[in-house]
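First the structure, in the form of structure tokens, and then the observations on it.
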Amino acid sequence: MTRNPYHLVEVSPWPLTGSMGALFLTVGLAGWFHLRMYSLLLIGVFLILITMVQWWRDVVREATYQGFHTVQVSSGLRWGMILFIASEVLFFFAFFWAYFHSSLAPSLELGSCWPPVGIYPLNPFGVPLLNTGVLLASGVTVTWAHHSLMEGRRMSGLQGLFCTVGLGVYFTFLQAGEYLEASFSIADGAYGSTFFVATGFHGLHVLIGSTFLFVCFFRVLVQHFSMGHHFGFEAAAWYWHFVDVVWLFLYLSIYWWGC
């Protein structure tokens, strides 16, 4: 009797805890905004973090120790990651649409000009340009790590991942300082809302990608990946390259052209 090449997932509690966490997080955010209540929000964040750690632990076990990630399963995972990144492209497309809708034909309420009257945009050749260099450098280091893994050079792969995560943390630090020094806020009309929502969600993606790569760093350290079986890292690298490309569009449109 031949073994089924597909992975039939066993019963797991993590979809339930994840959905409960999402419910508490949504209700908790509403309570925080309107009533300044933090309890439900903290419960939601705790449930989601526990779900992430436990569920991903199970996936790592299935891939590394139980041998469930066959060729067919890996192909499905790749298509799933491709479709996820495609959905993320549409997610950011909505923010660019909102930005160009307001900037290409500014209304009378905005002073019929862009940036609106009273808004002093950030200098695109200051911290934003430095952040661009940081992310481009991180794209080089993650590619270095990827090729090192494919060639079996584990130590070189660790060095590339360490540099990439460090550059991601440095980017987040620079963006936080940029937000603190900005002369406008998210409440300052169309410019403030589109700027902070677009760049803020990108910053969130940088944090997620840095965490993703940090986990991969430890998986390389304990030899979870081989030369031909390291899709967990490939997915993280694809995601990181997507984050790089989105930043280039953000820099050119919002920071450089929009100022």
- More than 12 heavy atoms of other groups within 6.0 Å of F231 CZ: yes
- Query: Out of curiosity, L42 CG to L47 CG, how far, rounded to the nearest 0.5 Å?
  - Reply: 11.0 Å
- Message: Quick check against the 3.5 Å criterion: does R61 have a side-chain atom that pairs as donor or acceptor with the backbone of Q66?
- Response: no
- Task: Classify the ring geometry between F201 and F95 as parallel (under 30°), tilted (30 to 60°) or perpendicular (over 60°).
- Result: parallel
- Note on the structure: M227 and E151 have their tightest heavy-atom pair at CE-C, 4.0 Å
- Message: Applying side chain to side chain contact (heavy atoms under 4.5 Å, CB included) to T194 and W97, what does each step give before you reach the verdict?
- Response: CA-CA 10 Å; T194 52; W97 184 285; over 6 Å; no
- State, to 0.1 Å, how close P128 and E178 come at their nearest heavy-atom pair, and which atoms those are. CG-OE2, 3.2 Å
- Query: Is the closest side-chain heavy-atom distance between H205 and Y239 below 4.5 Å?
  - Reply: yes
- Nearest-0.5 Å distance that lies between atom CD in Q175 and atom CG in L207: 8.5 Å
- Looking only at heavy atoms, the pair that brings T51 and G18 closest together is OG1-N, 3.5 Å
- Shortest non-hydrogen pair, P115 vs P121, comes out as CG-CG, 3.8 Å
- If you count the non-hydrogen atoms of other residues, nucleotides and ligands that lie under 6.0 Å from CZ in F24, is the total more than 12? no
- Counting distance only, does the side-chain N/O of Y191 pair as donor-acceptor with the main-chain N or O of G258 below 3.5 Å? no
- Item | Heavy atoms from other residues, nucleotides or ligands near CZ of F92 exceed 12 (cutoff 6.0 Å) | yes
- Message: Under 6.0 Å between ring centres: does that hold for F195 and Y255?
- Response: yes
- Task: Check whether any side-chain N or O of S75 sits under 3.5 Å from a backbone N or O of Q72 as a donor-acceptor pair, and report yes or no.
- Result: no
- Task: Taking the six-membered ring for Trp and the single ring otherwise, decide whether the centroids of Y251 and H202 are under 6.0 Å apart.
- Result: no
- Check: S156 side chain, S148 main-chain N or O, donor-acceptor pair, under 3.5 Å: no
- CD1 of I43 to OH of Y38: how many Å apart, nearest 0.5 Å? 15.0 Å
- Would you find a donor on one side and an acceptor on the other, under 3.5 Å apart, between the side chain of S193 and the backbone of A190? yes
- In terms of hydrophobic clusters joined by side-chain contacts under 4.5 Å, are I85 and L213 together? yes
- Interatomic distance, F171 atom CZ to S210 atom OG [nearest 0.5 angstrom]: 9.5 Å
- May I ask you to check whether over 12 heavy atoms, not counting those of M37, lie within 6.0 Å of atom CE? no
- Note on the structure: Residues L174 and V127: closest non-hydrogen pair is O-CG1, 3.9 Å
- Message: Would the distance check show the side chain of T164 and the main-chain N or O of V142 forming a donor-acceptor pair, the cut-off being under 3.5 Å?
- Response: yes
- Item | Spatial distance of atom CG (L122) from atom CD1 (I254) [nearest 0.5 Å] | 11.0 Å
- In terms of ring plane angle, is the pair F173 and Y170 parallel, tilted or perpendicular, where the classes change at 30° and 60°? parallel
- Task: Identify the heavy atoms of A145 and L161 that sit nearest to each other, and give their distance.
- Result: CB-N, 3.8 Å
- Message: I need the W247 CH2 to T199 OG1 distance, nearest 0.5 Å.
- Response: 7.0 Å
- Heavy atoms, side chains only, cut-off 4.5 Å: are H230 and R219 in contact? no
- Aromatic ring proximity, centroids under 6.0 angstrom, W238 and F84: no
- Query: Angle class for the W257/F100 ring planes (parallel below 30°, perpendicular above 60°, tilted otherwise)?
  - Reply: tilted
- Look only at the side chain of H224 and the backbone of V220, and say whether a donor-acceptor pair between them is shorter than 3.5 Å. no
- Message: Within a 6.0 Å radius of atom CZ on F96, are there more than 12 heavy atoms belonging to other residues, nucleotides or ligands?
- Response: yes
- Verify same cluster id: V245, L129 (apolar side-chain graph, 4.5 Å): yes
- Does atom CH2 of W32 have more than 12 heavy-atom neighbours from other groups under 6.0 Å away? no
- Side-chain donor-acceptor pair under 3.5 Å between S12 and W55, yes or no? no
